[in-house]
Amino acid sequence: MQAGPLLIGIGYAILWWLAMALVPEAMGKGIDAIRAKDLPALLTWGAVLLGLGIVQAVAGILRHRMAVYNWLSAAYRTVQVTVRQSTRLGATLPKRMSTGEVVSVGNSDIAHIGNAMDILLRGTGAIVAIVTVTVILIRASLPLGLMVLIGVPIMAVAVAPLLRPLHRRQHAHRDLQGDLSTRAADIVAGLRVLRGIGGEQVFADRYTEESQKVRHAGVRVAAVESMLEGAQILLPGLLIACVTWLGATFAIRDEITAGQLVAFYGYAVFLIAPMRALTEAADKLTKGHVAARRVVRILTLEPEVRGGAGHSGGGLLRDVASGVAVRPGVFTALAATSPEEAVTIADRLGRYDDGDVDFGDVPLDTLPLAEVRRRILVADNGAKLFAGVLRDELDVSGEASDEDIADALRTACAEDIVEALPGGLDGYVAESGREFSGGQQQRLRLARALTADPEVLILIEPTSAVDAHSEARIADRLAKARAGKTTLVCTTSPLVLDRTDQVIYVEGGVVRAQGTHRELLATVPAYTALVTRGEDS
């Protein structure tokens, strides 16, 4: 997809380098013309120099333009495929990779990949320029040509031992950066809790310790890079000295002309640039390789769950392993003895985990995953609020009317949040909704789920962070808003349970009893102990 622009850029780079490589030759010819007092030859080579300058300027502009294009294309195409893969992986991604590793792709890896694409242009042109200069030198003087021909590979071999430790240290540095990003994300996400328990200083000290590890790793990388930078100056400088000395010797013996001596010196100086480009290419390609391995690691991950090509007309949503069955059009509650059991069942019903689940008369795993996500929505308290306009946060599909959003906000008792936000629905929400309290975030998440209005809505503890009065209002409004719609609420709150049509009591991962909240209170002691304990707390 990027091969065409890359080849065009390489072509411009080769033309640019060749224009520079031929300048010493033209200058040498011009000097010889001056010594011979050959005015036509002087004018000719002067015109050649002017032409080479024009070609160099035009080719340089076009090369740089294509270099920037290829940099941006490689970097942001990497972002595109990474985001697309992250969306495809869904719940699998946080289980397999840390937040810091994924964030580092956008923070640093895209720059290294873009730099690798950029240096390919100049690096390829530099190789062509070195070969061209070598041929010219061999034709003018075999010893000088052989010196360059042998000296360039020797310099490349001399730099090679630095690349392996550089690669290893860059890889270690990149890993530590990812870990530090994860630590920072965790601290920011839990800052409110840390302040409540007085743990800010502890985590600040841990962050400081880990950041120092990153710094030391960066210094180790810089140590090798500095040696590489020094080699870029020292090795070509030695070659220049040798070529100049040998050329001067030949000029004294009248084996070459004064113009050729100037040309040889010009070539020796010129070779510094392509040699630096090659060592820079080795450095940037190494960094690009490390970054590309990280991106490939993400791209090679496969979702834990996959979809099929079937279709379901809807109906009873049943988890075979636990016996939980969500009847269509019924407002159902799931009361489990442990929150983990409820989450596990909800994940299977929503196809976030593999399981034997039927949707109507069709196994859920035979449906396309996109269709499952569209028809069955699992809303838990781990869902995030993203930065942006509140209206867009609540209406993720962009299809809801203002009335739909208002109804959802009222059901979630979140009107006061919108009224307090500058701009209301058009107000701006900060990253992760950090300006909202935990209870406010929970109510906004509930409003977002209600605005989506899926065929099957599964809510996990939707009122756990609100006060009892708000919980009672939410439970009452939720029951009315979802009347006649398939809904499952995972909760042990008596205020919510009392307003559902049916309660499913789960213990040990399987259904133990079913009925209304009051029926189970009267007939199932274990259920009574579970929900009254929640009430007491």
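Throughout, residue positions are numbered sequentially from 1 according to the sequence presented.
- Taking each heavy atom of Asn115 and Trp71 in turn, the nearest pair found is OD1-NE1, 2.8 Å.
- Counting heavy atoms from C-beta outward, Leu49 and Met27 have side chains that approach closer than 4.5 Å.
- Residues Ala74 and Gly114 come closest through the heavy atom pair CB-CA, 4.3 Å.
- Side-chain contact check for Arg445 and Gln442: no donor-acceptor pair (N or O, by modelled atom type) lies under 3.5 Å.
- Put simply, the side chain of Asn70 reaches to within 4.5 Å of the side chain of Met66, judged on heavy atoms.
- Of all non-hydrogen atoms in Ala291 and Ile113, the two that sit nearest each other are CB-CG1, 3.9 Å.
- Between the side chain of Asp347 and the backbone N or O of Arg351, no donor-acceptor pair lies under 3.5 Å.
- Put simply, CD1 on Ile417 and CD on Gln441 are 9.5 Å apart, with the number rounded to the nearest 0.5 Å.
- Interatomic distance, OH of Tyr69 versus CG of Leu6, reported as 11.0 Å (0.5 Å rounding).
- Trp17 is listed as a side-chain neighbour of Phe270, based on a closest heavy-atom distance under 4.5 Å.
- The shortest non-hydrogen separation linking Phe386 to Val429 is O-CG1, 3.9 Å.
- With Gln212 as the partner, the side-chain hydrogen bond (donor to acceptor under 3.5 Å, both in side chains) test is satisfied by one option alone out of Glu210, Glu209, Arg215: Arg215.
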Validation: residues 121-138 side-chain donor-acceptor distances under 3.5 Å, sequence neighbours left out:
residue: Arg122; atom: NH1; partner: Glu280; partner atom: OE1; Å: 3.2
residue: Arg122; atom: NH2; partner: Glu280; partner atom: OE2; Å: 3.1
residue: Thr124; atom: OG1; partner: Leu120; partner atom: O; Å: 2.7
residue: Thr132; atom: OG1; partner: Val128; partner atom: O; Å: 2.8
residue: Thr134; atom: OG1; partner: Ile130; partner atom: O; Å: 2.7

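- A 4.5 Å side-chain heavy-atom check between Ile376 and Ile458 finds at least one atom pair inside the cut-off.
- Remark: the backbone N or O of Arg220 is paired with a side-chain donor or acceptor of Arg169 at under 3.5 angstrom.
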Distance-only check: which donor-acceptor pairs under 3.5 Å involve side-chain atoms of residues 300-308, not counting sequence neighbours?
residue: Thr300; atom: OG1; partner: Val296; partner atom: O; Å: 2.9
residue: Thr300; atom: OG1; partner: Arg297; partner atom: O; Å: 3.0
residue: Glu302; atom: OE1; partner: Arg88; partner atom: NH2; Å: 2.6
residue: Glu302; atom: OE1; partner: Arg306; partner atom: NH2; Å: 2.7
residue: Glu304; atom: OE1; partner: Lys95; partner atom: NZ; Å: 3.2

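- Listed here is the closest heavy atom pair of Lys284 and Ala116: O-CB, 4.1 Å.
- With a 4.5 Å cut-off on side-chain heavy atoms, Arg374 and Glu371 count as touching.
- At a threshold of 4.5 Å between non-hydrogen side-chain atoms, the residues Asp354 and Asp365 do not count as touching.
- Listed by chain and number, the residues in a salt bridge (charged side-chain N to carboxylate O under 4.0 Å, His left out) with Arg373 amount to none (sequence neighbours excluded).
- In this structure, Asp38 has no salt bridge (charged side-chain N to carboxylate O under 4.0 Å, His left out) partners at least two apart in sequence or on a different chain.
- Considering every non-hydrogen atom in both Gly28 and Ala263, the closest pair reads CA-CB, 4.3 Å.
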Practice prompt. Would you sort out whether Leu421 and Tyr428 count as a side chain to side chain contact (heavy atoms under 4.5 Å, CB included), showing the intermediate values?
Written response: CA-CA 8 Å; Leu421 184 68; Tyr428 189 82; over 6 Å; no
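- Contact check for Leu390 versus Asp426: no side-chain heavy atoms found under the 4.5 Å cut-off.
- More than 12 heavy atoms of other residues, nucleotides or ligands lie within 6.0 Å of CZ in Phe250, so this atom counts as buried by the packing criterion.
- A distance of 14.0 Å separates CH2 of Trp45 from CG of Leu50, quoted to the nearest 0.5 Å.
- Listed by chain and residue number, Asp319 satisfy the salt bridge (charged side-chain N to carboxylate O under 4.0 Å, His left out) test with Arg348 (two or more places apart in sequence, or in another chain).
- Interatomic distance, CE of Met117 versus CD1 of Ile119, reported as 11.0 Å (0.5 Å rounding).
- At least one side-chain heavy atom of Gln85 sits under 4.5 Å from a side-chain heavy atom of Leu89.
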Discussion item. Apply side chain to side chain contact (heavy atoms under 4.5 Å, CB included) to residues Val68 and His64 and explain how you reach the verdict.
Written reply: CA-CA 6 Å; Val68 173; His64 183 69; 3.7 Å; yes
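- Applying the salt bridge (charged side-chain N to carboxylate O under 4.0 Å, His left out) test to Arg139 and every residue at least two apart in sequence or in another chain returns nothing.
- Between the side chains of Thr257 and Asp32, at least one donor-acceptor pair of N or O atoms lies under 3.5 Å.
- For the atom pair CG (Leu22) and OH (Tyr267), the distance works out to 6.0 Å, reported to the nearest 0.5 Å.
- Rounded to the nearest 0.5 angstrom, Ile110 CD1 and Arg77 CZ are separated by 13.5 Å.
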Practice prompt. Take Val343 and Asp380 through the side chain to side chain contact (heavy atoms under 4.5 Å, CB included) test and state the conclusion after the steps.
Written response: CA-CA 9 Å; Val343 171; Asp380 62 13; over 6 Å; no
